[in-house]
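Shown next, in structure tokens, is the structure this report addresses.
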2 protein chains.
Amino acid sequence: MDIKKYKYQDRIFVSVDCIIFGFDGRQINALLIKRAFEPGKGKWSLMGGFVGKDEDVADAAARVLKQLTGLTDIYMEQLYCFGEANRDSARRVVSIAYSAFINIAEYNEQLSTEHQARWFPIHKIPSLVFDHKQMLKKAKEVMMEKVSRHPIGFELLPTKFTLSQLQSLYEAICETTFDNGNFAKKILSTNILKKMNEKERSSRKGAFYYVFDKINYERLQRNGIRFI
Amino acid sequence: MDIKKYKYQDRIFVSVDCIIFGFDGRQINALLIKRAFEPGKGKWSLMGGFVGKDEDVADAAARVLKQLTGLTDIYMEQLYCFGEANRDSARRVVSIAYSAFINIAEYNEQLSTEHQARWFPIHKIPSLVFDHKQMLKKAKEVMMEKVSRHPIGFELLPTKFTLSQLQSLYEAICETTFDNGNFAKKILSTNILKKMNEKERSSRKGAFYYVFDKINYERLQRNGIRFI
DNA sequence: CCAAAAGTGTTTCTATTACACCCATGT
DNA sequence: ACATGGGTGTAATAGAAACACTTTTGG
């Protein structure tokens with residue numbers, strides 16, 4: 001297009017919305033905030049905000065997340081662009097959704113203080129503004145697709161974890177159950193776990209803690225080997 | 001946000017870019033056009049254009065594709081949003097890329113007449129404007145991911161096709177070769193193909209034509225069963 | 001000692017791979 | 001008749017699933 005041509009085009013508000021999943025040992029949770037402004041003031045919402053004129057969209061996502069929750073250094077991936085003309089009730093806004101998985105315990109300090117974000121189990125999400133429910137749905141779908149091919153999900157656990165905890169996580173994500181024996185064998189066969197000498201003591205026998213073998217973990221992450 | 005708050009936000013040009021893949025029997029091709037305007041006038045480019053103020057982003061993609069190539073009724077999927085601040089050399093433009101696979105022969109009439117779009121083998125793509133090369137790269141990656149889990153790729157073939165043609169297509173996409181016997185067995189075991197009584201006659205023996213069994217095809221498409 | 005969870009071993013079944021071999025036909 | 005893909009059969013292997021069984025330890 002001729003440079004002048006740009007003038008005759010419409011400019012549109014572009015926003016980002018952040019979907020943060022966390023695991024509490026039993027179920028997957030999503031982080032939500034109470035909207036501080038109209039439209040939808042007081043309603044629950046994803047963490048969202050506008051993209052600046054000279055700001056990369058991905059940078060905007062990180063900035064907005066930090067402003068609204070205090071969370072920093074979270075690796076978010078672009079999920080989808082929601083571009084229906086009427087998706088925002090007040091104005092035309094095209095929104096790009098980003099999502100990440102984090103370990104709730106690890107980030108809880110950053111979170112709890114000044115900001116009023118709250119975790120909701122993904123099966124008990126309250127009513128949300130605009131099309132945020134649809135965004136969450138899409139994020140869940142992508143998560144389920146992805147989890148079977150990439151060793152994500154570990155990001156949701158503490159550094160040290162037991163095989164049972166890992167299994168519970170996968171069962172929560174995939175909404176199914178696995179044979180505990182087969183699960184252990186399969187995971188261990190990938191060599192992405194290192195066994196510690198320490199045991200977790202909540203059960204009679206006690207389960208050994210494991211940590212990742214970073215190198216093998218990243219190799220698998222790249223190759224996307226099927227491991228569930 | 002307070003409605004007034006919108007006023008203080010930046011508005012940004014939003015565009016769409018369309019990536020159309022086609023198969024000619026030997027290799028995968030991408031459709032490109034010569035840009036008619038600055039910046040980048042005369043250079044090769046994906047089919048792109050701006051999103052209107054009251055236009056769904058997905059609708060814009062279909063409109064732009066039609067305007068620039070004549071192609072209609074093509075099912076495009078959203079690929080990715082490219083949002084770097086400096087991706088367009090003239091202005092700030094956030095672009096949402098869409099992609100589709102089509103059968104070259106079937107759409108050739110629609111294409112060839114007035115519009116000057118051209119097919120390029122994906123290993124011989126010329127220099128492209130902006131970040132369009134990166135868009136194509138991303139589209140190829142997603143295609144390769146997807147093709148192994150969903151029976152796409154059939155969209156790239158004529159209605160009637162032989163097992164060899166199908167195999168060539170998959171080999172082109174996956175950049176590998178398959179054992180022809182195993183390939184035939186595996187595809188046939190999915191029951192998504194119906195054998196015709198007609199033979200293609202380019203080889204000595206001649207190969208039977210096949211068509212899809214629509215119902216089983218769509219069932220597989222939904223379930224995403226691994227079939228390569 | 002026993003219940004309960006952790007973890008290992010064994011067996012069965014299925015899917016994948018490699019590759020031998022038969023088939024149909026134009027030249 | 002024979003070379004050339006087209007297509008089927010078979011045996012070896014690897015992986016997944018089912019499930020029995022052993023281990024550990026707090027009560």
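Note on naming: letters A, B, ... go to the chains in the order of the sequence lines (proteins, then strands), and numbering restarts at 1 for each one.
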Open item on the list: So for atom NZ, which belongs to Lys199(B), do other residues, nucleotides or ligands contribute more than 12 heavy atoms lying within a distance under 6.0 Å?
Closed with: yes
Task: Degree of bending, the helix from dC1(C)-dG27(D) to dT27(C)-dA1(D) (end axes from five pairs; round to 10°) - done: 20°
- [ ] For Glu106(A), enumerate each residue passing the salt bridge (Lys or Arg N to Asp or Glu O under 4.0 Å) test, keeping only those at least two apart in sequence or located in another chain.
- [x] none
Open item on the list: Applying ring pair (Phe, Tyr, Trp, His ring centres under 6.0 Å), can you list everything that pairs with Tyr209(B), at least two apart in sequence or on another chain?
Closed with: none
- [ ] Identify, with sequence neighbours excluded, every residue that meets side chain to side chain donor-acceptor pair (under 3.5 Å) alongside Ser15(A).
- [x] Ser95(A)
Task: N/O (side chain, Lys186(B)) to phosphate O (OP1/OP2, dT16(C)) under 4.0 Å - done: yes
Name every donor-acceptor pair, under 3.5 Å, that has one atom in a side chain of residues 118-128 of chain A and the other anywhere in the protein, sequence neighbours excluded.
{"unit_1": "His123(A)", "atom_1": "NE2", "unit_2": "Glu175(A)", "atom_2": "OE2", "d": "3.3"}

- [ ] Starting from the 5' end of DNA chain C, give me the residue, Asn180(B) or Gly181(A), whose nearest nucleotide shows up first.
- [x] Gly181(A)
Task: Nearest-angstrom distance from the residue atom CG of Leu163(B) to C1' of dC23(C) - done: 15 Å
Under 3.5 Å, N/O pairs linking protein and nucleotides 10-12 of chain D:
{"unit_1": "dT10(D)", "atom_1": "O4", "unit_2": "Lys185(B)", "atom_2": "NZ", "d": "2.9"}

Open item on the list: Let's see if you get this right: which residues in residues 200-210 of chain A place a heavy atom under 4.0 Å from DNA chain D?
Closed with: Arg201(A), Arg204(A), Lys205(A)
Task: Euclidean distance, atom CZ of residue Phe183(B) to atom P of dT17(C) [Å, nearest integer] - done: 13 Å
- [ ] Assess the pair Phe82(B) and Tyr80(B): is the distance between their ring centroids shorter than 6.0 Å?
- [x] yes
- [ ] Name the nucleic acid region contacted by Thr162(B), choosing base, sugar-phosphate or nothing; use a 4.0 angstrom heavy-atom cut-off, strictly under.
- [x] nothing
- [ ] Identify, with sequence neighbours excluded, every residue that meets salt bridge (Lys or Arg N to Asp or Glu O under 4.0 Å) alongside Lys146(B).
- [x] Glu77(B)
Open item on the list: Quick check for you: among dT25(C), dC19(D), dT16(C), whose closest atom lies nearest to any side-chain atom of Asp179(A)?
Closed with: dC19(D)
TODO: Measure the distance from CZ on Phe178(B) to P on dG5(D) and round it to the nearest whole Å.
DONE: 20 Å
Open item on the list: Once side-chain contact (heavy atoms from CB on, under 4.5 Å) is applied, do any residues pair with Lys194(B), and if so which ones, sequence neighbours excluded?
Closed with: Val211(B), Asp213(B)
- [ ] Just jot down the side-chain contact (heavy atoms from CB on, under 4.5 Å) partners of Val129(B), sequence neighbours excluded, or say none.
- [x] Arg35(B), Lys43(B), Ser45(B), His132(B)
Task: salt bridge (Lys or Arg N to Asp or Glu O under 4.0 Å) involving Asp56(B) - partner list, sequence neighbours excluded - done: none
Task: Partners passing side-chain contact (heavy atoms from CB on, under 4.5 Å) against Lys34(B) (at least two apart in sequence or in another chain) - done: Trp44(B)
